[in-house]
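Report on the following structure.
Since the model is a prediction, treat every value here as computed from it, not as a measurement.
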Amino acid sequence: AFTPCVFPMIPILTGLIVGQGSKVSSKQAFMLSLTYVVSMAFAYSMLGIIVALSGANIQASLQSPLVIYTFAALFIILSLGMLGAFSIEMPSKVKNFLIIKSNEAKAGNYFGVGIMGILSALIVGPCVTAPLIGALIYIASSGDILLGGLALFAMGIGMGTPLLVLGTSASKLMTKIGVYLPLINKLFGVLFLVVAVWLLERVTSIQVSALLWTLLALVTVYMLLNSKDIAMNMRLRTLTSLILSFYIILQIVGININNHFNPSVSFIEVKQNIQFKTVFESEKLFQEIKNSEKYTMVDLYADWCVACKELEKYTFTDSNVSEILTTLNLVKFDITKTSEGSSKFLKDFKLFGPPVIMFFDNNGNELRQSRIVGFVDSEQFIQKYNQINKRLSKINSNKSL
């Protein structure tokens with residue numbers, strides 16, 4: 001529930017609740033939140049069953065650049081609407097019909113919230129974690145689709161529980177904000193832009209991503225200095241604008257002087273102590289494995305995989321982890337663009353997508369029990385590698401004998 005994949009859903013859901021207006025009761029907010037969470041859980045359940053039945057990497061298809069650009073554009077449009085750039089309205093006939101039905105139902109736009117919940121599950125939360133992998137493998141191997149689907153549904157509900165709490169609280173806040181409503185709308189407008197930039201980080205270079213964060217800060221400064229309808233102390237506006245302006249300057253300087261950095265803080269250089277050889281086809285992968293006298297660690301990677309980038313940023317850059325990695329032949333298998341070879345690799349090794357860390361001997365045989373699925377921090381990686389190292393020592397001892 002508290003992984004980076006779920007965090008972007010918080011501004012989405014709370015923004016949807018706030019968008020219903022100030023008259024939304026706690027009960028309505030809870031039902032809208034429940035609709036969102038159940039829709040999200042249902043999507044995970046259906047996705048798991050479909051993937052297990054078809055054997056196709058559907059998540060990768062949904063994470064194609066075209067889909068991500070489209071979804072990011074949707075959030076930008078919604079954001080501009082909340083920031084007051086324009087008014088998003090339906091045709092009058094459709095609007096009047098929906099108003100009548102909404103008044104009859106007295107329950108808000110459940111259908112729209114449900115659709116957003118499904119889209120969020122498929123596109124905003126794409127990480128392939130160990131529990132999801134386990135559930136999918138269980139469905140594929142046991143054939144018990146019903147139990148497997150229910151397991152994934154339960155996982156979705158668990159992920160969405162904090163969203164239920166936050167979504168329900170949003171309505172209580174609505175009764176108190178009063179004059180602050182324009183400020184709240186603009187706040188959620190900025191949060192929608194944050195989600196859009198977060199999505200675009202997956203398909204753009206770190207330089208472009210850093211410029212997007214800079215542009216976001218610039219938009220926020222402009223809003224603070226030019227919006228007259230938000231109830232915010234001028235001194236606080238000025239101070240916030242100065243801080244963001246300083247951030248903008250640092251970002252621009254960082255982009256021009258650093259080569260490796262996290263896009264949101266380009267002025268902090270990330271040292272590259274290790275280097276992976278990047279391959280895009282399975283044939284080249286096994287060629288690199290067999291050409292090395294060392295054991296090979298394969299990092300199954302894709303540009304749309306957030307957890308893959310977290311491994312690069314937080315785990316592989318750790319000094320103790322870097323020391324371990326220098327003893328291995330490091331290969332990154334980039335499957336961002338799905339090919340026949342990468343699809344066959346996933347099928348042969350019963351994988352549903354990245355992030356996965358695999359270890360091979362120089363004959364191309366995987367050390368199956370050493371496989372790491374999902375994100376692990378530096379401490380977990382070291383613990384896992386120590387277990388792997390014991391197995392390698394046994395294997396080498398047997399070879400010596």
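- The main-chain N or O of Y301 is never found under 3.5 Å from a side-chain atom of D299 such that the two would form a donor-acceptor pair.
- The backbone N or O of A302 sits nowhere less than 3.5 Å from a side-chain atom of T336 that would complete a donor-acceptor pair.
- In this structure, the separation between OG on S241 and CD1 on I248 is 9.0 Å, given to the nearest 0.5 Å.
- Formation of a donor-acceptor pair under 3.5 Å by the N226 side chain with backbone atoms of Y222 is found in this model.
- At distances below 3.5 Å, not a single donor-acceptor pair connects side-chain atoms of D318 with backbone N or O atoms of Y314.
- Counting all heavy atoms, side chain and backbone alike, S209 lies closest to E201 at OG-CA, 3.5 Å.
- With a 6.0 Å radius and a threshold of 12 heavy atoms from other residues, nucleotides or ligands, Q380 has its CD atom above the threshold.
- Taking CD1 from I335 and CG from L346, the interatomic distance works out to 4.5 Å, rounded to the nearest 0.5 Å.
- Considering CZ of F333 and CD of E281, their distance stands at 6.5 Å, rounded to 0.5 Å.
- A distance-only check finds a donor-acceptor pair linking the side chain of T327 to the backbone of I324 [under 3.5 Å].
- When atom types are taken as modelled, the side chain of N262 and the backbone of S264 share no donor-acceptor pair closer than 3.5 angstrom.
- Surrounding CD of E269 are more than 12 heavy atoms belonging to other residues, nucleotides or ligands, all under 6.0 Å away.
- Nearest heavy-atom pair across L150 and S45 is N-OG, 4.4 Å.
- Annotation for N258 and F261: closest pair O-CE2, 3.5 Å, computed over non-hydrogen atoms.
- K284 and E288 are joined by a salt bridge, as a carboxylate oxygen and a charged side-chain nitrogen come within less than 4.0 angstrom of each other.
- Screening I357, L285, V279, V356 for a side chain to side chain contact (heavy atoms under 4.5 Å, CB included) with V298, the sole residue that qualifies is L285.
- Relative ring orientation between F349 and F345 is described as tilted, the plane-to-plane angle lying within the 30° to 60° band.
- Checked by atom type and distance alone, the side chain of Q251 pairs as donor or acceptor with a backbone atom of A210 at under 3.5 Å.
- Of the possible donor and acceptor atoms, one in the side chain of T240 sits under 3.5 Å from a partner among the backbone N and O of L236.
- T315 places a side-chain N or O within 3.5 Å of a backbone atom of V376 that can act as its donor or acceptor partner.
- In this structure, the ring of F276 has its center less than 6.0 angstrom from the ring center of F316.
- Taking the side chain as every heavy atom from C-beta outward, L34 and F30 approach each other to under 4.5 Å.
- In this structure, T161 contributes its side chain and I157 its backbone to a donor-acceptor pair below 3.5 Å.
- Looking only at side-chain heavy atoms (C-beta outward), I252 and F267 stay at 4.5 Å or farther from each other.
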